[in-house]
Every structure is written in C-alpha cells, then in structure tokens.
Amino acid sequence: MTLPRTMKAARITRYGTPDAVVIEERPLPQPGPGEVLVQLRAAPVTAGDARVRSGKVPRGFGLLLRLAMGWSRPRNPPGWAFAGVDCATGRRVFGIAGLRGGAHAEYLAVKAAQALPLPEGLSFEEGAAFFFGGLTAAEYLIDKCALKAGDRLLVNGATGAVGSAALQIGRALGAQVTAVCSAANHGLARRLGADGVIDYRSQPVTGQFDVVLDVIGTLPAPQGLLAPGGRLGLISADLAATLAAAFRPRVFAGPSGEGLARMQRLIGLYTQGAYRPVVGESLPFAELPRAHAIAETFHKPGNLVVVMPA
Ligand SMILES: NC(=O)c1ccc[n+]([C@@H]2O[C@H](COP(=O)([O-])OP(=O)(O)OC[C@H]3O[C@@H](n4cnc5c(N)ncnc54)[C@H](OP(=O)(O)O)[C@@H]3O)[C@@H](O)[C@H]2O)c1
C-alpha cells in the first residue's frame, strides 16, 4: 500500500459544543515497536465521545473528567474504537484505541495485539460499532448482574449502543426482556429481542424484575422495580450513586472494562449468534461535528459511525 505523508485527523479545541471538533491535516502516525499502522475505514461516535467533548458528565464526575482527560480541553485526540485495514498485510482489522484515542482520523498506529481480525461477516461499519455498547452490556448482564435463563430483565434506554446490545444478549441468555424507549423505537426493540416494550414518554415503568439495567439513568426509583434477590445495574450513575453502589449488595455501577478477554468474549457471542452490532446511521468522516451533535441527544438508534474514504 502506498502511503500519503499526511492525513486528516480530528482534534477537540475546548470543552464545548460540537463545533469544538475540528478536522486538520496532520503527519501520518509512525508505528513504534510492536505496533501496526491501520488505514481506518470507520469509527463510532459515541455517547462517551459526546460527553468528553462537551464536558457534560453525570453529576459529580466533572472535576474527575478534567483531572483525567485535560483541564481546558481533552488532551488526547478523539476516537475510541476503529475498523480498517492493516497497511502492512492488507488484513481487515478492528479494535479499541481506548482513552489514548486517535481513531477519528484516517490512520492509526496501535499495538499489533489490539488490531484483531475483523470477522468476515461484518462490514467496516459494523466492526466500528462492535465494541462500544456491546462490552458494557455483556459485562453488566453477565459478570455483574449474573443474568440467567428465565430471569425477567428490564432495560431502560433500550435501543442505543448499550441497550441494543443488552436486548440481544439478554434474549440469548434466555431472559424475558422488557425494553424502555420511545414508541418510534419499539419495532427495533422487538426485532432485537424484547418481549415487552414501554414508552417512557407516555407510560410509567412498572413491574417486578430480576435484573434492572438502567442504561440511561432516568429511572426515578429503580430499586422499587426489583423482585426479591434482584440485581440492579446503574450504567449512567452519578458519583454519589456510584460510591453508594460499592456498599450495596446486588447494585452495580461504574465504568466497564475493555480488556482483550472481554473483547474475545463479545466476538464469541457474535459467533454464536447472540450479538450483532446495530449501526443506526453512517456519516462521512468530514461530518464528524454533525455526528457529535447527534450523539449528544442520547436518542440515536444503535451506534453512529463515521466512514473514512477508502
Ligand atoms: N458505565 C459505562 O462504562 C458506560 C459505557 C457506555 C455508555 N455509558 C453511558 O450509558 C448511557 C447510554 O449510552 P448509549 O451509547 O447506549 O446511548 P445512546 O446510544 O444515545 O442511547 C440512548 C438510549 O436511551 C433512550 N432514552 C433517551 N431518553 C430516555 C428516557 N428519558 N427514558 C428512557 N430511555 C431513554 C433512547 O431511546 P429513544 O431514542 O427511543 O428515546 C436510546 O435507546 C450514556 O449515559 C453513556 O455515557 C456508560
């Protein structure tokens, strides 16, 4: 593959509105020892990207965000996950750039072990959408909430990146799944495995559940929805609720992990037919600021991806 000398890459100029995302001409990254250079073909623009760019995080986490990511703007370049082509071998690969970022660009240098083979049945867009949402849903349902066959599962925020994965994995594990989302997304929720649907705009969320996954953090009293012995996953908890969860049995909060073992497990779920990423919308990479504006509404179906030129 003949490589250009420069590429287009995104940078966040400040914590603020989507116009804080700019695309600039930059030198190509130079892969270090043990790294590969990937020509990126697609990358997700996630709720996490929108939160880091805007600085709007659940209550109590603002100071921690700035201490970890940068005081006046995020230090690292944006872009958490990727799908593309290994420039040396031509293989289709996908993976996670993580907090180091850099996947909102045309090329990315990553550790060779982080560029996993993209399964043949997945497009670049699906590869980009694969890990964000899927990893969180799998960890909360399987490791934290120990979901099992026959459990009644409630997913609040059911059709976005995390919820669309939780519905599928919940269904595959044999749970009876109830999805909370707006009426416009009820068809999608049912296709992904929901047995029952609730429109949060016109109906109260009631019932008794063995596992409640509050993905979007809007349930006013999620504990009241738990059956005896029920488990609660608070995926968007504020700092106080995150700290309190550490002292409460069967209540789980906090960031999910992204290690290789968890990535391989999710690929295994895909191979078994238990999970397939949902790509709601694909936009050209040049429209990255618009993608940020969509992501920060918290109403997108599945994952939103930007597509880089081949
Ligand atoms: N803890 C972690 O490690 C972790 C990891 C990933 C994400 N997160 C957090 O999880 C949250 C969701 O992320 P995501 O990527 O899935 O977001 P998303 O793709 O924007 O999806 C949001 C979902 O919430 C629904 N929704 C919006 N307002 C709602 C309300 N008032 N009541 C019930 N449902 C509502 C939307 O459905 P409609 O469009 O039909 O309204 C949509 O299904 C974000 O806060 C994100 O920061 C945390």
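Bear in mind that the values here come from a model prediction, so they are computed numbers and not experimental data.
- Residues Phe130 and Leu192 fall within the same hydrophobic cluster, defined by Ile, Leu, Val, Met, Phe, Trp and Tyr side chains chained together at heavy-atom separations under 4.5 Å.
- Under a 3.5 Å cut-off, the side chain of Ser236 and the backbone N or O of Val215 do form a donor-acceptor pair.
- Aromatic pair Phe94/Phe124: ring centres not closer than 6.0 Å.
- Distance alone, capped at 3.5 Å, places no donor-acceptor pair between the Arg250 side chain and the Arg231 backbone.
- Taking 4.5 Å as the limit, every side-chain heavy atom of Thr178 sits out of range of all side-chain heavy atoms of Leu153.
- The two residues Met7 and Ala105 come nearest to each other via the heavy atoms CE-CB, 4.0 Å.
- The number of heavy-atom neighbours closer than 6.0 Å to CZ of Arg11, taken from other residues, nucleotides and ligands shown, is above 12.
- Residues Pro222 and Leu232 meet the side-chain proximity criterion, which asks for heavy atoms closer than 4.5 Å.
- Leu135 and Leu167 fall within the same hydrophobic cluster, defined by Ile, Leu, Val, Met, Phe, Trp and Tyr side-chain heavy atoms under 4.5 Å apart, directly or through other members.
- In terms of hydrophobic clustering, with Ile, Leu, Val, Met, Phe, Trp and Tyr side chains grouped at heavy-atom distances under 4.5 Å, Leu225 and Leu141 are assigned to different clusters.
- Closest heavy-atom contact between Pro18 and Pro289: CB-O, 3.4 Å.
- Under 4.0 Å is where a charged nitrogen must lie from a carboxylate oxygen, and between Asp143 and Arg265 at least one such pair does.
- Ala165 and Tyr275 get closest at one heavy-atom pair: CB-CE1, 3.6 Å.
- The side-chain heavy atoms of Thr242 and Leu234, taken from C-beta on, include no pair separated by under 4.5 Å.
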inquiry  = Evaluate Leu173 against Ile169 for side chain to side chain contact (heavy atoms under 4.5 Å, CB included), listing each step before the verdict.
reply    = CA-CA 6 Å; Leu173 291 174; Ile169 296 170; 4.0 Å; yes

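- With Asp214 contributing its side chain and Leu219 its backbone, the two residues share a donor-acceptor pair below 3.5 Å.
- Not a single donor-acceptor pair under 3.5 Å links the side chain of Glu139 to the backbone N or O of Lys144.
- Using cut-offs of 30° and 60° for the angle between ring planes, the His299 and Tyr200 rings count as parallel.
- For Val197 against Ala189, the heavy-atom pair with the smallest separation is CG1-CB, 4.1 Å.
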Derivation and outcome, side chain to side chain contact (heavy atoms under 4.5 Å, CB included), residues Lys111 and Glu35 = CA-CA 4 Å; Lys111 295 230 170 337; Glu35 290 189 335; 4.2 Å; yes

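- We find that Arg92 and Asp86 are not joined by a salt bridge, their nearest charged nitrogen and carboxylate oxygen being 4.0 Å or further apart.
- The main-chain N or O of Arg73 is never found under 3.5 Å from a side-chain atom of Arg14 such that the two would form a donor-acceptor pair.
- If you check the side chains of Thr46 and Asn303, you find no donor sitting under 3.5 Å from an acceptor.
- Salt-bridge formation is not detected for the pair Glu106/Lys8: no Lys NZ or Arg NE/NH1/NH2 atom is positioned less than 4.0 Å from an Asp or Glu carboxylate oxygen.
- Here Leu64 contributes atom CG and Met69 contributes atom CE; the two are 12.5 Å apart, rounded to the nearest 0.5 Å.
- Between Ile294 and Glu281 there is a side-chain heavy-atom pair separated by less than 4.5 Å.
- Side-chain atoms of Asn76 never come within 3.5 Å of backbone atoms of Gly101 as a donor-acceptor pair (strictly under, hydrogens ignored).
- Side-chain contact between Leu122 and Arg276 is present, with at least one heavy-atom pair separated by less than 4.5 Å.
- For the pair Arg66 and Tyr15, the distance from NZ or CZ to the six-membered ring centre is under 6.0 Å and the angle to the ring normal is within 45 degrees.
- Taking 4.0 Å as the cut-off between side-chain N and carboxylate O, Glu296 and Arg53 count as a salt-bridged pair.
- The shortest non-hydrogen separation linking Phe285 to Ile23 is O-CD1, 3.4 Å.
- Using modelled atom types, one side-chain atom of Asp151 and one backbone atom of Lys148 make a donor-acceptor pair closer than 3.5 Å.
- A 4.5 Å side-chain heavy-atom check between Leu63 and Leu65 finds every atom pair outside the cut-off.
- Listed here is the closest heavy atom pair of Val162 and Ala137: O-CB, 3.7 Å.
- Counting heavy atoms from C-beta on, the side chains of Phe209 and Leu226 never come closer than 4.5 Å.
- Linking ILVMFWY side-chain heavy atoms closer than 4.5 Å, directly or via other members, places Val85 and Leu40 in two distinct hydrophobic clusters.
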task = Show the numbers, then the answer: is there a side chain to side chain contact (heavy atoms under 4.5 Å, CB included) between Leu3 and Met1?
result = CA-CA 6 Å; Leu3 295 174; Met1 180 183 288; 4.1 Å; yes

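- Of the possible polar contacts, none joining the Gln39 side chain to the Tyr107 backbone as a donor-acceptor pair under 3.5 Å is found.
- Between the side chain of Arg171 and the backbone N or O of Gly193 there is at least one donor-acceptor pair closer than 3.5 Å.
- With His292 contributing its side chain and Val45 its backbone, the two residues share no donor-acceptor pair below 3.5 Å.
- Each of Ile216 and Phe132 belongs to its own hydrophobic cluster when Ile, Leu, Val, Met, Phe, Trp and Tyr are linked at side-chain heavy-atom distances under 4.5 angstrom.
- Leu28 has its side chain within reach of Pro4: a pair of non-hydrogen atoms, C-beta onward, lies under 4.5 Å apart.
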